[in-house]
Amino acid sequence: RSLVVRRPNVTKYTYVKLDELKDQTVVSLYGVVVFFKQPFKSRGTDFCSSLKITDQSNLKIVCTIFCDKLENHPKIFQIGDIIRLHRVKVHSMTLLNTHGFSVVTFDGAVGGPVEPRASSLHFHFDKEDRRIVKELRSWAATQTLRPPLPTIPLSAVQPRTYFDLTCQLLSKAVIDSTCTLLRVWDGTRCSRPLLRVIVERSSVEGPSSFSRQKENLIANVLVYDNHVMVARELKPGDFLRIYNLRAIPGASKVPGLTSNQLEDQDHLAFHLHGGTAYGRGIRVLAPELHPKWELYARKEAKLVCRGEPDTSGGGDAVQTSKL
DNA sequence: TTAGGATTAG
């Protein structure tokens, strides 16, 4: 058998604009993400990614991706991300992945590095892609598509609001078949006292307790229903983005205290309700997306430590990324 | 095939 020497990939892709879509054709295109859901389990055999994209034509087009492998789904982290789709089929003005489908995404920030986040092992990427990404970024910047802040830190969370949280998982515990507790932090201190959740030591994965100082920074996130199976795959230490999390004031259930004690009435708990409305879900952040927490975590730490004797920290230091 | 954005109700 002779060795086949491949020429460098010279495939030329033609990208169409969203106002050039013709029904039942297979196309490749670029867009800016204006809505997205992280992949969720469908009633069939696949995971489903549901998104809406736009481009300079200003049309907004729905795109649905069915794929049984999570890693083949688009790596979208926030509104404004740039997406490149290869081989999607136009179905009455919506897009569906078709045979040979592949996807690459990019951060949407003007001036940032153009780093492809591919969902397949091999993918085409050249100068022309770089140019298109930059062009779309510049255009999107004039459209007020991106949220003013990518996520809200714990220190800025308001009761009864929905928000996206970027955080690190410290430990987790299965509560029951429909609920899992995630204990997370982002290095900032919530302006409200945080709800305590008491669980059996044996059900905890990861450390079952932390220094008092650290406990004050830890948010208890209760995730329900469809999110329980996602939570099962999470490992203590993972950096997460939790979408459409809700801050709920309530009373701590601490043994020996009655729940109607005044000081217990306003503690914040965090609920990730069942369903995928408003993009609700959890995503593990790849290393290149880990937050640059070092600076503000340290600044916050000073505030936290003021007046507290226990500042040892020990092995509890925030694990931060190299970036 | 599946979903088809559009808050749980713990």
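Residue numbers start from 1 in every chain, and the chains themselves are labelled A, B, ... in the order their sequence lines are given, proteins ahead of strands.
Figure legend: cation-pi geometry between Lys37(A) and Phe40(A), with NZ or CZ positioned under 6.0 Å from the six-membered ring centre and within 45° of its axis.
Centre separation under 5.5 Å together with a plane angle under 30° holds for the ring of Tyr224(A) and the six-membered base ring of dG10(B), marking them as stacked. Ring-to-base geometry does not place Tyr278(A) in a stacked arrangement with dA6(B) (centre distance under 5.5 Å, plane angle under 30° required). Applying the 5.5 angstrom centroid cut-off and the 30 degree plane-angle cut-off, the aromatic ring of Phe66(A) is not stacked upon the base of dT1(B).
Atom CG of Asp176(A) and atom P of dG10(B) are 13 Å apart (whole Å).
Among the protein residues, Cys179(A) comes within range of no part of the nucleic acid, since none of its heavy atoms lies under 4.0 Å from any strand. At the heavy-atom level, Lys52(A) lies under 4.0 Å from base atoms of the strands shown. Across all strands, Gly275(A) comes closer than 4.0 Å to no nucleic acid atom at all (heavy-atom distances).
At a threshold of 4.0 Å, the pair Arg117(A)-Asp81(A) counts as salt-bridged, since one of the basic side-chain nitrogens sits closer than that to a carboxylate oxygen. A salt bridge links Asp129(A) to Arg84(A): at least one charged side-chain nitrogen sits closer than 4.0 Å to a carboxylate oxygen.
Residues Val34(A) and Ile248(A) both approach DNA chain B. Their nearest nucleotides, taken by heavy-atom distance, put Val34(A) toward the 5′ side.
Between Phe36(A) and Tyr243(A), the distance from one ring center to the other falls under 6.0 angstrom.
With dA3(B), dG10(B), dG4(B) as the choices, the nucleotide that has an atom nearest any side-chain atom of Cys48(A) turns out to be dA3(B). Looking at the side chain of Thr45(A), the nearest of the listed nucleotides dA3(B), dT2(B), dT7(B) is dT2(B).
The phosphate of dA3(B) has OP1 or OP2 within less than 4.0 Å of a side-chain N or O from Arg43(A).
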